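This is a predicted model, so every value here is computed, not measured. Side chains are part of it too, since the values below use all heavy atoms of this structure and drop only hydrogens, waters and symmetry mates. In the text below, chain A, chain B and the rest are named by the order of the sequence lines, each starting its count at 1.
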Amino acid sequence: MATERYNPREAEPKWQKAWADAKLFEADNDDPRPKYYVLEMFPYPSGRIHIGHTRNYTMGDVVARHRRALGYNVLHPMGWDAFGMPAENAAMQNKVHPGAWTYDNIATMREQLKLMGLSIDWSREFATCDVDYYHRQQMLFLDFLDKDLVYRKQSKVNWDPVDMTVLANEQVIDGCGWRSGAPVEQRELTQWFFKITDFSQDLLDSLETLDEWPEKVRVMQKNWIGRSEGLQIRWQLDAATAPEGETELEVYTTRPDTIFGASFMAIAADHPLAKKAAATNPELAAFCEECRRAGTSVAELETAEKRGFDTGIRVVHPFDESWTLPVHVANFVLMDYGTGAIFGCPSGDQRDLDFANKYGLPVIPVVMPKDGDAATFQVTEEAYVDDGVMINSRFLDQMTPEKAFEEVADRLEKTDFDGRPQAERKVRFRLRDWGISRQRYWGCPIPVIHCEACGVVPVPKADLPVKLPDDIDFEKPGNPLDRHATWRDVACPSCGAAAKRETDTMDTFVDSSWYFARFTAPKADEPTDPAAANDWLPVDQYIGGIEHAILHLLYSRFFTRAMRETGHLDLAEPFKGLFTQGMVVHETYRTGSGTSGKWHAPSEIRLEESGGTRRAVVIDTGEEAQIGHLEKMSKSKKNTIGPEEITQSYGADTARWFMLSDSPPDRDVEWSDRGAEGAHRFVQRIWRVVSGAAPSLAAGDAGAAEGDALAMRKAAHKALKAVGEDFQKLGFNRAIARVHELVNEIAPAIEKSTNGSDTDKAAAHEALSILVQIFAPVMPHLAEECWTCLGYDSLVAETHWPAFDPALVEENSVVMPVQINGKRRGEITVAKDADKESIERTALDADFVIHHLAGTAPKKIIVVPHRIVNIVA
RNA sequence: GCGGGCGUGAUGGAAUGGUAGACAUACCAGACUUAAAAUCUGGAGGCCCUUGGCCGUGCGGGUUCGAGUCCCGCCGCCCGCACCA
């Protein structure tokens, strides 16, 4: 039967309109059905959507459509993470207002996304740069301030002297600003901080409850929080060598057991004691300055030599008044961890050993292997870091390190020194408070006012929002808010005197730390409608890139807790299920080399293949381009593919199908035209099968089907069961393989049934209906077209997921492989409910078994019902 | 250095400890066609003495009736963190 080819360019917009008109995807907060909240990490409006974004959203869309079909009240919203530096950079380069640039991009990207036929509740859309949104964020800030979850302190920051702004650590490349290229300076600035460390222990402990998160992400967060248990020890300074007014040096250690292996103290260049000593010692001052300037890049750290400078100060060993140790300033000690000072135990730490060897300091082994000989055990080039027993440690000898830890802690806790214990046990975290001040225009203004008389005065809630001024100029570097006098200069809300607004704005990670809560009631006057938020949250399935494994996900977990303390939410964990998807990658094409090299977009390239080698030729110039590795799609390398290109040539369904087939969703997938064409052929194949047969078929009673028709029904119901399970587990690639299998299995029988009995026709109609429903979450437009063709006047998108018939899924007989000594030799067919003995008999009677046993009696027969028979000869 | 993960045909990848290579891509052959595309049918891990058999999931051991899967030791690749005391 001749049929028209399926034309996605016509069909897709038609069905998108039908869904929108029916408001099928708008979630109702009062719907009594069980809820399901599926969310993909919202995009930054950089300009254009590329196909990598859409793979992410397609996964979420399949989950949303499947859950909707299963009868859940589904929330699947979309928004824009819209504040950030690129808008300001564009403003400087192109003289456009950052807001105009951002909203233009959003408009473009929204239209691009809509081409993909995503089942999104667009009625809840917002951008974080909407005044409406950041107004509520300022309310949250004031509430946090009220609960002491925000504070101000001086801290060291990376300062770009040319762009005149603070840079995040990630924006410092080889010691220079990533935009200006100027060497970055360390500056002390007063910054706002969120007290994320209040929750260190809880954030760590609760990771255990997140059993639907990837193990990898949980481990990364655990390491980031970095809990350690140790002892903080106060070492008395030797009075003869101490600078005036200094009496002690406090040190944090996780290995107090090795205290008798100590041979020096090392302090950071910024340590107060170092500063004090440097004041009277120009050489030391010079060394400290050098340490401060040293690079922090990975390469530099790896090659950096362990260097030190003896301050001349000595400390007294806490267990032996006659034993003093030198204090060195060392370049490998960090001021911002622990107390900025350590005691060096060369035999138990490689760095300390390198340092000791370089400066001729003693190396005293204090831990040796359990079966070692204390008289001869030595440490020279390699520190001994494994478990063992204590030696050379006086009262600790023979103990395990754990026991020695306790012993030292117990003793020093009881030792008085200046009327205080000499040491205390301390749990430390690597996690530090979250500095959120940015010297930027395009961000959420921090709603406080600085008054000379009253100090920091919060903007009264009635005066919110603190709106960003529109009349700004980017002609000069630095923060335009700083020099915007009419915006900046205000009266103090408290005393009425002349005062100044805070001109820093918030880190954009703040914006994305609570947007998922705002989606539950995007128009609420308060930041959330707690009833709605507590109903919808946690997000049941969150989907996004692994690059956010730490920052965004940790900040969001903090925010949820902080919002609970301020009454906006009543839960701790925002994301119940987390899935980190792989990227879409593409080869790169490049002509020329070095700095004169030029990248070419895939659309500018023609690929030629001959004799197994592939060549890439630039279409316009005929020049040959080098084919580069598969890489994440990026603007700079021009290896991006946009949704329009795809929807124009193949349609959204083809792209959706291709992106989810083959590769498991957590792995990268390579975009290739071949692959897209393959997926498109399958779209057309389904359309041929359905549209070729459907007009001759009708729904009816298929219960009496037998032969091919029964086989067809069985195949459909088995696929229905399997695909449902696969979607539940996000096994999109397996689900797709099963749809392929089903089509392969039933296509011939479908065609035959058009000339068959009413029962055959009913069976075929049933099988096709199931087929359409199980691929509908992935290819929703094609599904609607097929659904109409099958005679339904409803939409698949509002049709309930069918229940499979258990009788059709279970076979009456089972084919079981038979192994002899673990090697497969053949198979037997037995009744489904056959007992072990009869299976055994059937197996022993089989020709191939008799042949292989050659008359010998089997020693043992293992029968695993429904699985396998293994005969041990 | 520490932590996590992975290693299966030409390729992407399947496989609750139970028939390794499902499904797809590329490939080969045939049908249809003047021809091509599209479509349909079939083939395909390697080797051999080819109605059959042997080998085969990075390498070497082990547990088991049975191991891609579990355990131990290597090798290689990927990712994350990293002078964290």
*Report the relative orientation of the aromatic rings in F355(A) and H328(A); use parallel for angles under 30°, tilted for 30 to 60°, perpendicular for over 60°.*
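Aromatic pair F355(A)/H328(A) classed perpendicular.
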
Would you measure the distance from the [atom1] atom in [N] across to the matching atom in [M] and give it in whole Å?
N	M	atom1	result
G68(B)	U16(B)	C1'	15 Å
C72(B)	C6(B)	P	14 Å
G18(B)	C2(B)	C1'	38 Å

Regarding [X], tell me which of base, sugar-phosphate or nothing describes its non-hydrogen contacts under 4.0 Å with the strands shown.
X	value
V333(A)	base
H852(A)	sugar-phosphate
N744(A)	sugar-phosphate

_T754(A) side chain to E751(A) backbone, donor-acceptor under 3.5 Å_ =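 Yes: the side chain of T754(A) pairs with the backbone of E751(A).
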
To the side chain of [X], which of [options] is closest?
X	options	value
R688(A)	A85(B), G3(B), U39(B)	U39(B)
Y337(A)	G18(B), A22(B), A85(B)	A85(B)
M220(A)	G80(B), U19(B), C84(B)	G80(B)

*With no angle test and no hydrogens, is the base of U11(B) tied to the side chain of R674(A) by a donor-acceptor pair under 3.5 Å?*
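Not at all, since no donor on one side and acceptor on the other fall under 3.5 Å apart.
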
*Any N or O donor-acceptor pair linking the side chain of K306(A) to the base of C83(B) at under 3.5 Å?*
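Between C83(B) and K306(A), which were checked side chain against base, a qualifying N/O pair under 3.5 Å is present.
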
*Can you tell me which stems RNA chain B forms, taking runs of 3 or more consecutive Watson-Crick or G-U pairs with both distances under 3.5 Å?*
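Stem list for RNA chain B: B:1-7 with B:75-81, B:10-12 with B:23-25, B:27-31 with B:39-43, B:45-48 with B:52-55, B:58-62 with B:70-74.
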
Output one line per pair: protein atom, nucleotide atom from nucleotides 12-14 of chain B, and distance, for all N/O pairs under 3.5 Å.
residue	atom	partner	partner atom	Å
G12(B)	O2'	S663(A)	OG	3.1
G12(B)	N2	D662(A)	OD1	3.0
A14(B)	OP1	N733(A)	ND2	3.3

